[in-house]
Engineer: 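Sending over a structure as structure tokens; questions will come in a sec.
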Amino acid sequence: MDGKHMQIGEVAARTELSLRTIRHYEETGLVIPSARSQGGFRLYTETDVARLMVIRRMKPLGFTLEQMRDLLDATDRLDGGDALDAAEREELLKRVRTYRQAAVEQVEKLRVQLSRAEDFADTLGARLEHNAPASRV
């Protein structure tokens, strides 16, 4: 990380999250700004943006805030550089694997829903074509 700090507006634009949503994630302790400016503005780093992107990707898959917090804790500890004993590392990896499996299952459910939605849209399109008045040449 280069140490560059971004204000909340830039972070919102990069993550496609609203300012309100980012503030909510701060209030719930999921993403705390890395610093504050002298004027009190929230300042974020690339690491903070990466955390927000994890949350943004988990939300549509139906994960709760507590599950997001748990996954972020596991990945923070795995990536933190602190020495972990083998049992602790395996437990953290097990947690991440569990979330991955849940995400894979939810993605499959969403694919089924999308397929049904596309079929429905195609059915409506065919009905419109079938019932459209003949064009006059």
Engineer: Quick one: pull up NZ in Lys109 and CD in Gln113 and give me the separation to the nearest 0.5 Å.
Structural biologist: 9.0 Å
Engineer: Can you measure from CG (Leu72) to CD1 (Ile55) and round to the nearest 0.5 angstrom?
Structural biologist: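 Here the rounded value is 5.0 Å.
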Engineer: Side chains of Asp76 and Arg51, heavy atoms from C-beta outward: is any pair under 4.5 Å?
Structural biologist: yes
Engineer: Using a 4.5 Å cut-off on heavy atoms from C-beta on, say whether the side chain of Val11 contacts that of Asp48.
Structural biologist: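 They are not in side-chain contact.
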Engineer: Any chance you could measure His24, atom NE2, to Glu27, atom CD, to the nearest 0.5 Å?
Structural biologist: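 His24 atom NE2 to Glu27 atom CD measures 7.5 Å (nearest 0.5 Å).
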Engineer: For Met58 and Tyr99, work out which heavy atoms get closest and say how close.
Structural biologist: CE-CD2, 4.5 Å
Engineer: Using the side-chain contact (heavy atoms from CB on, under 4.5 Å) rule, take Leu71 and Arg95 through it: C-alpha gap first, then chi angles, then the decisive distance, then the call.
Structural biologist: CA-CA 7 Å; Leu71 176 63; Arg95 283 166 54 190; over 6 Å; no
Engineer: For a quick test of reading the model, state the closest non-hydrogen atom pair linking Leu43 to Ser37 and the distance between them.
Structural biologist: CD1-N, 3.5 Å
Engineer: When rounded to the nearest 0.5 angstrom, what is the spacing between OG1 in Thr75 and CG in Leu93?
Structural biologist: 11.0 Å
Engineer: Has Arg100 got more than 12 heavy atoms of other residues, nucleotides or ligands less than 6.0 Å from its CZ?
Structural biologist: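 Counting other residues, nucleotides and ligands, CZ of Arg100 stays at 12 neighbours or fewer.
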Engineer: Is Phe41 linked to Leu52 within one hydrophobic cluster, defined over Ile, Leu, Val, Met, Phe, Trp and Tyr using a side-chain heavy-atom separation of less than 4.5 Å?
Structural biologist: no
Engineer: Could you report the tightest heavy-atom contact between Arg56 and Leu17, atom names first, then the distance?
Structural biologist: CG-CD2, 3.8 Å
Engineer: Any heavy-atom pair between the side chains of Ile22 and Tyr44 that's under 4.5 Å?
Structural biologist: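 Yes; the side chains approach each other to less than 4.5 Å.
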Engineer: When you compare the side chain of Gln7 with that of Arg42, does any pair of heavy atoms fall below 4.5 Å?
Structural biologist: no
Engineer: Going by an N to O cut-off under 4.0 Å, is there a salt bridge joining Asp73 and Arg69?
Structural biologist: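 Between Arg69 and Asp73 there is no salt bridge, as every charged N stays at least 4.0 Å from the carboxylate O atoms.
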Engineer: If we ignore hydrogens and angles and just use 3.5 Å, is the side chain of Thr123 paired with the main-chain N or O of Asp119 as donor and acceptor?
Structural biologist: yes
Engineer: Mind checking the CD-OG1 spacing from Glu66 to Thr28? Nearest 0.5 Å is all I need.
Structural biologist: 10.0 Å
Engineer: Arg127 versus His130: any side-chain heavy-atom pair under 4.5 Å?
Structural biologist: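 Side chain of Arg127 against side chain of His130, heavy atoms only: no contact under 4.5 Å found.
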Engineer: Could you check Tyr25 against Leu65 for side-chain contact (heavy atoms from CB on, under 4.5 Å), going step by step and ending with a plain yes or no?
Structural biologist: CA-CA 9 Å; Tyr25 292 148; Leu65 292 176; 3.9 Å; yes
Engineer: Would you call Glu46 and Arg14 a salt bridge, using N to O less than 4.0 angstrom?
Structural biologist: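 Counted as a salt bridge, because a side-chain N and a carboxylate O are separated by less than 4.0 Å.
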Engineer: Going by an N to O cut-off under 4.0 Å, is there a salt bridge joining Glu90 and Arg97?
Structural biologist: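 Result for this pair is yes, salt bridge flagged.
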Engineer: Kindly work out whether a path of hydrophobic side-chain contacts (I/L/V/M/F/W/Y, heavy atoms less than 4.5 Å apart) joins Met53 to Val31.
Structural biologist: yes
Engineer: If you compare all heavy atoms of Gln67 against all heavy atoms of Gly62, which two are closest, and at what distance to 0.1 Å?
Structural biologist: OE1-O, 4.2 Å
Engineer: What's the separation between atom NZ in Lys4 and atom CD in Glu10, rounded to the nearest 0.5 Å?
Structural biologist: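 One gets 4.0 Å once the value is rounded to the nearest 0.5 Å.
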Engineer: Of the non-hydrogen atoms in Leu19 and Ala12, which two are nearest, and what is the gap between them?
Structural biologist: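 Closest heavy-atom pair between Leu19 and Ala12: CD2-CB, 3.7 Å.
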Engineer: What heavy-atom pair brings Ile32 and Glu26 nearest, and what distance separates the two atoms?
Structural biologist: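 Answer, listing the atom of Ile32 first, then Glu26: CD1-O, 3.5 Å.
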